[in-house]
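Heads up: numbering here begins at 1 and tracks the sequence. Keep in mind that this is a model prediction, so the values were computed, not measured.
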Amino acid sequence: MSDPYETTEAHLERLLGRALNSFDLPDRLVERLGTALAHSSSLYTTHHSPEAGIWRETHRHTYLLTDGGSVSLWELTYRLVGDRAVRHEVFASKAETCLAVTRLFGEAPAAASPDPVLVPGEEEPEGGVALLSVLYAAPAPVRRHREYAVEDSADHARRVLRRAENTDRPGEPMVTLLRSAYAHQITQAFGARQCLSDGRGAGFSLYEHAFVLLDGTEVSLWEVEHTATPDGRHMCEVYESEAAARGAMEVRARVR
């Protein structure tokens, strides 16, 4: 935990002293840091998977220098699988930090696979409800380790719930719970386009908004965005589970 009364000199000395790789920093950068007048530290990302035994955080430390410029150091704090010891490494850039994560955890960025798309005019399954076959034929997505962004997550949750138009959207208990969210991640779980019987296309997308609460609990909201409305306007619906969200997509695909 940072000490609000700690001097910038002491903070920098402590940061470099605990880093396993501080000797890798460029000499010129270390020299510039020696002129630091003030500093600011913030948690940038947090990532944990209790079942896999993985935990890590990225912190950004920014220093104001005597020449009027500023520099940042990126600190990676982590535990290895099966080892409770906390380790620290420090880097001169965010890119180097990402490379270190790949080196330590073997998590190279995965290539995004395109969502299935149905083009008006293509052959559709019997009944004209092509979207349903995509929903149920697709294999269950693999749950990847999460990389949460530490931002205004409670406000993000409030905005997601506020734009939900479905009457069975999450109620006050979920609203209260998400007030303690301090980090979140947004991922697209599904996206498709269906040609309806009158020839007008309707788009469907499903997003997972995953949150971390102050007690370490992970909670998700599932947001359906679609244009399967009588006038073709864009509509958002929010649910507490993926099953409920996909069920709503099925209903919207059948009924306009």
**Asked** Are any of the side-chain nitrogens in Arg179 or Glu172 under 4.0 Å away from the carboxylate oxygens of its partner?
**Response** yes
**From Gln185, His184, Glu218, residue fulfilling side-chain hydrogen bond (donor to acceptor under 3.5 Å, both in side chains) relative to Tyr148** = Glu218
**Asked** What residues, two or more places apart in sequence or in another chain, satisfy ring-ring contact (aromatic ring centres under 6.0 Å, His included) together with His226?
**Response** Phe204
**Asked** What's the spacing between Arg169 CZ and Arg163 CZ if we round to 0.5 Å?
**Response** 13.0 Å
**Message:** On a heavy-atom basis, which atom in Phe211 and which in Ala181 lie closest, and how many Å separate them?
**Reply:** CD2-CB, 3.9 Å
**Item:** Heavy-atom closest pair, residues Thr227 and His234
**Value:** CG2-CA, 4.0 Å
**Message:** To the nearest 0.5 Å, what is the distance between NE2 on His59 and CG on Leu73?
**Reply:** 13.5 Å
**Check against side-chain contact (heavy atoms from CB on, under 4.5 Å), His61 and Glu75** = CA-CA 8 Å; His61 306 278; Glu75 182 184 23; 2.8 Å; yes
**Request:** Evaluate whether atom CG of Asp168 has more than 12 neighbouring non-hydrogen atoms of other residues, nucleotides or ligands under 6.0 angstrom away.
**Result:** yes
**Request:** Describe, in one word, how the ring planes of His209 and Tyr207 are oriented to each other, choosing from parallel (under 30°), tilted (30 to 60°) and perpendicular (over 60°).
**Result:** tilted
**Asked** When clusters are formed by joining ILVMFWY residues with side-chain heavy atoms under 4.5 Å apart, either directly or through shared neighbours, do Leu64 and Leu12 land in the same one?
**Response** no
**Message:** Is there a continuous path of hydrophobic side-chain contacts, each under 4.5 Å between heavy atoms, that joins Val238 to Leu178?
**Reply:** yes
**Request:** Quick one: closest heavy-atom pair of Thr8 and Ala36, and the distance?
**Result:** CG2-CB, 3.7 Å
**Gln188 side, atom CD; Glu223 side, atom CD - distance, nearest 0.5 Å** = 11.0 Å
**Asked** Between Tyr63 and His11, what is the ring plane arrangement, given parallel below 30°, perpendicular above 60°, and tilted in between?
**Response** tilted
**Asked** Step by step, would you call Thr35 with Asp67 a side-chain contact (heavy atoms from CB on, under 4.5 Å)?
**Response** CA-CA 8 Å; Thr35 70; Asp67 61 7; 5.7 Å; no
**Prompt:** Considering all heavy atoms of both residues, which atom of Ala245 and which atom of Tyr239 are nearest to each other, and what is their separation?
**Reply:** CA-CD1, 3.7 Å
**Asked** Taking atom CD of Glu225 and atom CE of Met235, what is their separation to the nearest 0.5 Å?
**Response** 12.0 Å
**Message:** Testing the basics here: between Glu208 and Ser220, what is the closest heavy-atom pair and its distance to 0.1 Å?
**Reply:** OE2-OG, 2.7 Å
**Request:** Mind listing the closest non-hydrogen atom pair of Leu76 and Ala100 along with its distance?
**Result:** CD2-CB, 4.1 Å
**Asked** If you group Ile, Leu, Val, Met, Phe, Trp and Tyr by side-chain heavy-atom gaps below 4.5 Å, do Leu15 and Leu33 land in one group?
**Response** yes
**Asked** Can you find a pair of side-chain heavy atoms, one from Tyr44 and one from Thr97, that are under 4.5 Å apart?
**Response** no
**Asked** Taking the side chain as C-beta and beyond, is there a heavy-atom pair between Pro170 and Leu161 under 4.5 Å?
**Response** yes
**Prompt:** Under 4.5 Å between side-chain heavy atoms, hopping through other hydrophobics if needed: is there a path connecting Trp222 to Ile186?
**Reply:** no
**Asked** Would a distance-only check, ignoring hydrogens and angles, find a side-chain to backbone donor-acceptor pair under 3.5 Å from Ser22 to Arg18?
**Response** no
**same_hphob_cluster(Leu104, Phe91) at 4.5 Å side-chain heavy-atom cutoff** = yes
**Message:** Tell me whether Ser72 contacts the main-chain N or O of Thr62 through its side chain, where contact means a donor paired with an acceptor under 3.5 Å.
**Reply:** no
**Gap separating the CD atom of Glu151 from the OG1 atom of Thr45, nearest 0.5 angstrom** = 10.5 Å
**Message:** What verdict does the side-chain contact (heavy atoms from CB on, under 4.5 Å) test give for His47 and Val101, after you've listed the backbone C-alpha separation in whole Å, the side-chain angles of each residue and the deciding distance to 0.1 Å?
**Reply:** CA-CA 11 Å; His47 172 119; Val101 169; over 6 Å; no
**Item:** Atom pair CZ (Arg56) and CZ (Arg79), whose distance is rounded to the nearest 0.5 Å
**Value:** 13.5 Å
**Prompt:** Taking only residues two or more places apart in sequence, or in another chain, which ones meet Glu57 in a salt bridge (charged side-chain N to carboxylate O under 4.0 Å, His left out)?
**Reply:** none
**Message:** Which residue in the set Asp27, Leu29, Asn21 passes side chain to side chain contact (heavy atoms under 4.5 Å, CB included) when paired with Leu25?
**Reply:** Leu29
